[in-house]
K.L.:
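Sending over a structure as structure tokens; questions will come in a sec.
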Amino acid sequence: SLLNHYYCKKFIMGTSRLKSHNCFSTSITKQHKNSKQESTHETKIIKRRDQACRSLLIQVHSSNSYKDLYNYCLQFGDISSMHHHINDQQNYILVEFTNIVSIKKIMSSASFTKEDFTPVKSSILWFRKGQIRLQKSNQKKVSLFVENNMLPNEEKRTNLLNDAKSISGQIIILYEMMKLTDLEIRLRFHTAHHLEQYFSRLFENIKVLPFGSSINGFGRKMCDLDLVLDNITSRLVFHSKFNNNSKRYETKDFLGILADTMQYFIPGILNVRKILHAQVPIIKFCYNYTQTECDLSATNMTAIYMTELLNLYGEMDWRVRPLVIAIRAWAKSQKLTCDSPGHWITNFPLTLLVLFFLQQKKILPSLQLLKLYSTHDDVRYTENGVDCTFLRDINKLPADYKYKINQDSLETLLYDFFEYYSTFDFQTYGICIREGVQIRKPSRSALHITNPLETTLNVSKNVNVCELNRIISKMHDAIYMLETNEFGSNNWGIISLLKANNDNENLKKSNTTKGQTKNIEECSEDSYKNSYEISDKFEVSVEANI
Ligand code: CTP
Ligand code: MG
């Protein structure tokens, strides 16, 4: 009954009649206070990767097929969880088995459709209609999880924000509305696993790791998925085909081959674009089972450790993530950020601005302090020798450094954020998370935000004066709106900050690539060659503007 997915043929249709949970009821403050940092970021990643290895994404007729599928799957072993996922009006169930052996059994029992011309097994399957056979099992009943993974439209969002009692309450509601759900995180790790399965048939010891906002806790629903290829190395290394070439050409050629393979052989991958001549070569594609835009790069460990650092800052105080998400949402609706590359600020440097501001408020410590208290377990270097050592376990910070003195509300922090940067002397000073203090600007860039792990680099060197002025001007507007729109009025609190801004249409910042289903093309590379996204994203060049 189970069929391998291959070039998705949409013959199974159906709609869900299940209602989603109301996810806004729990108080994040309580959640955060109750949950101590029970495991490190690294162990969480290991757990999520393991979960993905034990999971299959199975397309079903409708969510009503759940009991039938549950019974069918029981013959292969115990099931830990089942999650309902709807994509493009198709119904899927993400089945997590307790033991990986079950996956092996089920994979060998699944078949291909007659139309498959290159049958390759994957962890995405169809469940065909068939006779229901009840399985005898002692396992505890597993119910179907149903989560709302859709972002509410502006009207619904406004209604929900209107129900809040304060601006702080609005920020929490917004955060709960926008943050990634457990299912979305599972699906992101499953996507990485799906790719890894294919690549590991071509290359030994290859890993596909998610990073960026999908896992640092600052991601919003439907945000892009950043993926990096990594391989497990030991002291003895096999001679390889590209040993004599420069590393850069090696990566470029390698990614070029992978891009073709992905386009033609991996189910669910559409619209592959090779951006190979950029500072850091990447493959862009759309993952059709979740409608997610993905960026795949090769060996970029600094970005992985940066994700870990950002996640750590997010864990340190319950106000960090809601504040960052609110400011990211404000910047998006004011068109200060957008999906395509250009002279504007992106979410990563914007997040660093918020973290730096929270350092000034004594809510977050400097990176230098985290380095000072690091232990030998925390020592990490990248392949290029970048020191990524910092304390991973925040419980090991001395009591005086836990910065619980500042108890400002989210409302105060939001207002003060706008005030702090709208009066900041960007001409003279730069932002330095590493030191936790402003520094004299070492470059002529309009905005200087030192890369915390590679301090010779500026993560916002693409931002021009015009864009910086726009940011400052929008901050002044935000202050004005917060001061004038009184509680109870139509636009009170953050509602006015999130109203879509339709001026600056001439900037043509709409994302032109999303949703298209083109074949592999090198042409889009031109728009990236001279663009700043890549140099901003993973700066390799040290000399530019420094
Ligand atoms: N990164 C980095 N150095 C940069 C840019 C990015 O180390 N100059 C790392 C950061 O860890 C960042 C990740 O790469 O989180 C992904 O970058 P990007 O996709 O631009 O930012 P996200 O935080 O993922 O935000 P978004 O939701 O907009 O994708
Ligand atoms: Mg990203």
Side-chain angles (χ1 to χ4, degrees), residues 41 45 151 178-180 184-185 188 191-192 209-228 230 275 278-280 282 284-285 287 292-314 320-321 324-325 327-332 335-342 344-355 367 380 382 384 386 388 390 431 433-434 445 447-463 509 511 514 528 531-542 544-546:
H41 181 69
I45 301 292
L151 271 175
M178 300 196 85
K179 72 175 186 189
L180 291 171
E184 275 178 290
I185 298 171
R188 279 159 194 264
T191 307
L209 302 172
F211 68 100
S213 60
S214 299
I215 53 167
N216 65 18
F218 298 127
R220 71 201 286 275
K221 288 190 171 86
M222 300 304 295
C223 69
D224 292 359
L225 171 59
D226 302 292
L227 296 165
V228 63
D230 186 29
I275 320 289
Q279 294 273 22
V280 170
I282 54 167
K284 282 186 162 280
F285 60 93
Y287 192 62
T292 307
E293 277 291 316
C294 306
D295 285 357
L296 176 70
S297 55
T299 53
N300 188 1
M301 284 313 283
T302 326
I304 295 269
Y305 294 131
M306 188 72 81
T307 302
E308 200 178 356
L309 179 65
L310 260 56
N311 181 66
L312 191 69
Y313 275 129
V320 179
R321 286 183 176 137
V324 169
I325 293 245
I327 288 165
R328 280 181 172 223
W330 160 78
K332 188 175 165 65
K335 294 200 168 75
L336 294 172
T337 54
C338 88
D339 299 325
S340 57
W344 31 87
I345 195 164
T346 59
N347 276 327
F348 172 63
L350 184 67
T351 304
L352 294 187
L353 283 181
V354 184
L355 298 183
L367 174 57
R380 307 279 189 287
T382 66
N384 315 326
V386 179
C388 299
F390 52 84
I431 307 300
I433 298 277
R434 175 89 156 223
S445 308
L447 176 62
H448 189 100
I449 305 174
T450 307
N451 181 317
L453 297 175
E454 290 176 88
T455 50
T456 50
L457 306 175
N458 172 14
V459 301
S460 54
K461 68 171 180 272
N462 61 308
V463 179
K509 286 167 122 198
N511 181 7
K514 244 182 194 162
Y528 282 84
S531 83
Y532 296 86
E533 179 185 334
I534 308 304
S535 54
D536 162 50
K537 194 162 187 167
F538 316 117
E539 292 155 307
V540 175
S541 137
V542 180
N545 275 330
I546 305 284

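Start at 1 with the first residue, then count along the sequence. These numbers come from the heavy atoms of this one structure, side chains and all, not from hydrogens, waters or symmetry mates. Numbering of ligands and ligand atoms starts at 1, following listing order.
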K.L.:
Counting each atom of ligand 1 from 1 as listed, which ones have a heavy atom of R328 under 4.0 Å away?
P.N.:
23 (O), 25 (O), 26 (P), 27 (O)
K.L.:
Kindly write out the residues that satisfy salt bridge (charged side-chain N to carboxylate O under 4.0 Å, His left out) with E308, not counting sequence neighbours, or none if the list is empty.
P.N.:
R392
K.L.:
Any N/O/S atom, side chain or main chain, of D226 closer to the Mg ion (ligand 2) than 2.8 Å?
P.N.:
yes
K.L.:
Taking only residues two or more places apart in sequence or in another chain, which ones pass side chain to side chain donor-acceptor pair (under 3.5 Å) with R328?
P.N.:
T351
K.L.:
Within the 4.0 Å heavy-atom shell around F211, which atoms of ligand 1 are there?
P.N.:
13 (C), 14 (O), 16 (C)
K.L.:
Testing the basics here: between P210 and L225, what is the closest heavy-atom pair and its distance to 0.1 Å?
P.N.:
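Minimum heavy-atom separation between P210 and L225: CB-CD1, 4.0 Å.
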K.L.:
Can you tell me if T455 and R434 form a side-chain donor-acceptor pair at under 3.5 Å?
P.N.:
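No.
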K.L.:
Taking C-beta and beyond as the side chain, do L367 and L453 meet within less than 4.5 Å on heavy atoms?
P.N.:
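With C-beta onward as the side chain, the pair touches.
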K.L.:
So for T346, does at least one of its heavy atoms come nearer than 4.0 angstrom to any atom of ligand 1?
P.N.:
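No heavy atom of T346 comes that close to ligand 1.
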K.L.:
How does D226 reach ligand 1, by side chain, by backbone, by both or by neither, if only non-hydrogen atoms under 4.0 Å count?
P.N.:
side chain
K.L.:
Relative to the heavy atoms of N216, which atoms of ligand 1 are at a distance of less than 4.0 Å?
P.N.:
15 (O)
K.L.:
Which ligand 1 atoms are under 4.0 Å away from a heavy-atom of M306?
P.N.:
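Matching atoms, with element in brackets: 7 (O), 10 (C), 11 (O).
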K.L.:
Just by distance, with hydrogens left out, do N216 and R321 show a side-chain donor and acceptor under 3.5 Å apart?
P.N.:
no
K.L.:
Taking 4.0 angstrom as the limit and counting only heavy atoms of S213, give me the atoms of ligand 1 inside it, by number and element.
P.N.:
22 (P), 23 (O), 24 (O), 25 (O), 26 (P), 27 (O), 29 (O)
K.L.:
Output the list of atoms in ligand 1 that are nearer than 4.0 Å to some heavy atom of N347, sorted by atom number.
P.N.:
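In order of numbering, the contacting atoms are 25 (O), 26 (P), 27 (O), 28 (O).
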K.L.:
List the atom of T292, the atom of R188, and the distance in Å for their closest heavy-atom pair.
P.N.:
CG2-NH2, 4.0 Å
K.L.:
Identify the two heavy atoms, one from I433 and one from P452, that lie closest to each other, and give their separation to 0.1 Å.
P.N.:
CB-CG, 4.1 Å
K.L.:
Using a 4.0 Å cutoff against the non-hydrogen atoms of G212, which atoms of ligand 1 qualify?
P.N.:
13 (C), 15 (O), 16 (C), 24 (O)
K.L.:
With a 4.0 Å cut-off on heavy atoms, does R220 reach ligand 1?
P.N.:
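In this structure, R220 fails to qualify as a contact of ligand 1 - no heavy atom is under 4.0 Å.
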